[in-house]
Amino acid sequence: MFRSIVRLQSQFGNILSPNKVCPRSPHFRFALKYSTAITERKRFYQDVSISQGEGGLYEINLDRKKLKTPGGKLFTVPNEVLAIAVATEWDAQRDTLKFYTMHLTTLCNTALDNPTQRNKEQMINAALKFLETDTVCYRVDEPHGLVELQKNEWDPVLHWIENRYNVTIGSSSSILGPEIPEATKDTFRQHLNSYNFWSLTGLEFVITQLKSVVLSMGMIDRHLSVEQAVLLSRLEEEYQIQHWGNVEWAHDYDMYELRARTAAGALFVHLSSEGSTVKRKLLQDRQG
């Protein structure tokens, strides 16, 4: 059942590994707290399977017992591939369930229960707020090395998204940041409105990880890999580390943590999008 995940991992990284560490996103702190009262518990099941229920939705079964959301709803996902990915998260847990590593399960719970009771318009407005404070739009005046690094690494991505969506974003070293034209916001609002509620849940999660709409869209549109997007989001920190050094294990911990969350969010966006080319390709591979 879980062979498709190997193909998913080849593109998005090993995001389903139980060795990934706890997310710290402020925006999703409530959702994570809401998803479970404890961060770990003893594994209480032997087998994990999926089944198709009413309306063509897929369910997750733990020893033939249907999984429920924290809000008490039946845990259902819109397609088989996402169900397989979630089931693999549960199957990958060992003696102890580490809920904080189960990013896809948490995102599904959030989409199903919608604990903050927001609609698509509110989610889109929240995402656009990040555009006004986008990581790649805020530049420094010094030191010269970091100024050049930001220009060389961020400008190409900024130019790409401006050309891709025919918008103007710009950058600024002012504490106020660049002034984003209303036409740009309207273009992105229209684009984001084409996503379904589930995909928006994943996209907003990615944006909060990278603190950047530009990098998030670059990754979702496959212009950037997960590794590239994460590195670009940490550009200033990486520059400081190169010059002043770091505690190696702490740096690696943070890097892998951010990669795991970002990859999970990107995977969730693609698998919950009805027209996802990833979904179609994986289903074709399974049939072949």
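Because the structure is a prediction, the values reported are computed rather than measured.
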Subject >> Flag if over 12 foreign heavy atoms under 6.0 Å of CG, Asn166 >> reply: no
Original post:
Is the CD atom of Gln52 crowded by more than 12 outside heavy atoms at less than 6.0 Å?
Top reply: yes
Is there a side-chain contact between [X] and [Y] in this structure, where contact means two heavy atoms from C-beta onward sitting under 4.5 Å apart?
X	Y	value
Phe197	Met123	yes
Lys68	Leu74	yes
Glu227	Arg259	yes
Cys137	Pro178	yes
Glu40	Gln93	no
Val77	Trp198	yes
Lys42	Leu97	no
Ser49	Asp47	no

In Å, rounded to the nearest 0.5 Å, how long is the span from [atom1] of [X] to [atom2] of [Y]?
X	Y	atom1	atom2	value
Leu210	Phe205	CG	CZ	10.0 Å
Asp186	His191	CG	NE2	14.5 Å
Leu200	Glu121	CG	CD	12.0 Å
Gln122	Asn125	CD	CG	8.0 Å
Ile60	Ile50	CD1	CD1	6.5 Å
Leu67	Thr105	CG	OG1	7.0 Å

Original post:
Tyr165 and Phe188: aromatic ring centres closer than 6.0 Å?
Top reply: yes
Donor-acceptor check, side chain of [X] to backbone of [Y], threshold 3.5 angstrom: yes or no?
X	Y	value
Thr135	Lys211	yes
Asn163	His159	yes
Thr184	Thr168	yes
Glu238	Leu235	no
Thr106	Met102	yes
Asn61	Val48	no
Asp134	Val214	yes
Trp154	Leu232	yes
Glu237	Arg234	no
Asn114	Arg118	yes

Under 4.0 Å between a side-chain nitrogen and a carboxylate oxygen: does that hold for [X] and [Y]?
X	Y	result
Glu89	Lys98	no
Glu132	Lys185	yes
Arg139	Asp155	yes
Arg164	Asp221	yes

**OP:** Kindly indicate, with the supporting measurements, whether the criterion side-chain contact (heavy atoms from CB on, under 4.5 Å) is fulfilled by Leu149 and Leu146.
**Re:** CA-CA 5 Å; Leu149 185 63; Leu146 182 55; 4.3 Å; yes
**OP:** Name all pairs fulfilling the side chain to side chain donor-acceptor pair (under 3.5 Å) condition that reach into residues 140-151, sequence neighbours left out, sorted by first residue then second.
**Re:** Asp141-Ser173
Original post:
Could you go step by step and tell me if Tyr195 and Ile220 meet the side-chain contact (heavy atoms from CB on, under 4.5 Å) rule?
Top reply: CA-CA 12 Å; Tyr195 285 81; Ile220 297 300; 3.7 Å; yes
Subject >> Stepwise side-chain contact (heavy atoms from CB on, under 4.5 Å) test for Cys108 and Val86 >> reply: CA-CA 9 Å; Cys108 288; Val86 172; 3.8 Å; yes
Original post:
Is there any ring-ring contact (aromatic ring centres under 6.0 Å, His included) pair reaching into residues 47-92, and which pairs are they, with sequence neighbours excluded?
Top reply: Tyr45-Trp90
Original post:
What residues, two or more places apart in sequence or in another chain, satisfy side-chain contact (heavy atoms from CB on, under 4.5 Å) together with Asn193?
Top reply: Lys120, Ile124
Original post:
Any chance the side chains of Ser272 and Ser199 put a donor and an acceptor closer than 3.5 Å?
Top reply: yes
**OP:** Tell me yes or no: between the side chains of Gln209 and Arg261, is some donor less than 3.5 Å from an acceptor?
**Re:** yes
Subject >> Thr201 versus Phe268, closest heavy-atom pair with distance >> reply: CB-CE2, 4.4 Å
Subject >> Option among Lys66, Lys73, Lys65, Arg64 that satisfies the salt bridge (charged side-chain N to carboxylate O under 4.0 Å, His left out) test with Glu59 >> reply: Lys66
